Every structure is written in C-alpha cells, then in structure tokens.
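Single-structure report; data block below.
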Amino acid sequence: MKIYGIKNCNTVQKTLTWLKEKNVDFEFHDFKKSGVSEDKLKAWAGQVGWEAMLNKKGTTWKQLDPALQNSIRSQEAAFKLMQDKTSVIKRPVVETEGGKIVLGFNEDQLSELINGKY
C-alpha cells in the first residue's frame, strides 16, 4: 500500500495514524519532495474523476487568482495545476498494490481497502 500526501497535512496524519493502529504496512510518498506524474494522475482520475481530486476547500486553492481558478475546466488544465501546486490535490491518496484508491480519510472505505473488499 502506498500513501500519497503531504507530511504536515492533518488528514494525512490522521490516515497514517489510523493505518499504523491497524498494523498496516505502507510506503509514504510526499508530494512536496517527489511530485506526482501525469500518468499517476490519469490512473487516479480514471477511478474518481479529476474533479474529485481537486481540493477546492484548501488554502492553496483559495489563494489562487480567481482567473486561474476559473481556467481549470479540463483534466489537462487540472493536472498541470496539480503538478505545479501539489497541495491542490485532495489528500491523502491511499493506493493498493493493484492500483485501487481511496481519496481522503474515509474509515469505512479504508477498512474495506485493507480487508481486500474494495
């Protein structure tokens, strides 16, 4: 299992703590240090849609120029923004070895994921 996110994000920390309490082995991928590939974004968007991946409630989005916010109307534009400003990606992204993901902290979905039912 691989967890994608930003170390200082409260939701990421909550997820990491939850997984540790469940004795789940995982690898952490820090967006700030390692970025994210377009191929990875495409794979995730294929499951949840690019719109769900865009965190419009976060500080990074709210600090963007309104013209830039309004220009994000396609997957291509969203991916460019997500690669330039990884903090706009909803996090964490919890990914199984098979590539299935859970976006954000959802205890029910995470339980299903670690029990192989997702």
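Reckoned from all heavy atoms, side chains included, excluding hydrogens, waters and symmetry mates. Everything numeric in this text was worked out from a predicted model, so none of it was measured.
Distance check: Q69 CD to W61 CH2 gives 5.0 Å after rounding to the nearest 0.5 Å. To the nearest 0.5 Å, the span separating CG on N55 from NZ on K85 amounts to 14.0 Å. For the atom pair OG of S34 and CZ of F28, the computed distance is 9.0 Å after rounding to the nearest 0.5 Å. A distance of 13.0 Å separates CD in Q83 from NZ in K40, rounded to the nearest 0.5 Å. Going from atom NZ of K62 over to atom NZ of K56 covers 12.5 Å, rounded to the nearest 0.5 Å. Separating the NZ atom in K33 from the CD1 atom in I6 is a distance of 12.0 Å, to the nearest 0.5 Å.
Side-chain contact between Y4 and R91: absent, with no pair of heavy atoms (C-beta onward) separated by less than 4.5 Å. Looking at heavy atoms from C-beta onward, L110 lies out of side-chain contact with V24 at the 4.5 angstrom threshold. Using a 4.5 Å cut-off on side-chain heavy atoms (C-beta onward), I114 and K22 make contact.
More than 12 heavy atoms of other residues, nucleotides or ligands sit less than 6.0 Å from atom CG of D84.
Remark: Q13 pairs with no residue by the side chain to side chain donor-acceptor pair (under 3.5 Å) rule, at least two apart or across chains.
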I'd like to know whether E76 forms a salt bridge (Lys or Arg N to Asp or Glu O under 4.0 Å) with K80, so could you lay out the CA-CA distance, the side-chain angles of the two residues, the decisive distance to 0.1 Å, and finally the verdict. CA-CA 6 Å; E76 181 179 295; K80 181 174 181 348; over 6 Å; no
For L19 and M1, run side-chain contact (heavy atoms from CB on, under 4.5 Å): C-alpha distance rounded to whole Å, both residues' side-chain angles, the deciding distance at 0.1 Å, then the answer. CA-CA 10 Å; L19 290 169; M1 182 172 293; 4.2 Å; yes
Does L113 form a side-chain contact (heavy atoms from CB on, under 4.5 Å) with V94? I'd like the steps, not just the answer. CA-CA 9 Å; L113 195 69; V94 180; 3.5 Å; yes
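The backbone N or O of G35 lies less than 3.5 Å from a partner atom in the side chain of H29, making a donor-acceptor pair. For the pair E95 (side chain) and V102 (backbone), a donor-acceptor distance under 3.5 Å is absent.
F26 does not carry K2 over the face of its six-membered ring by the limits of under 6.0 Å from the centre and within 45° of the normal.
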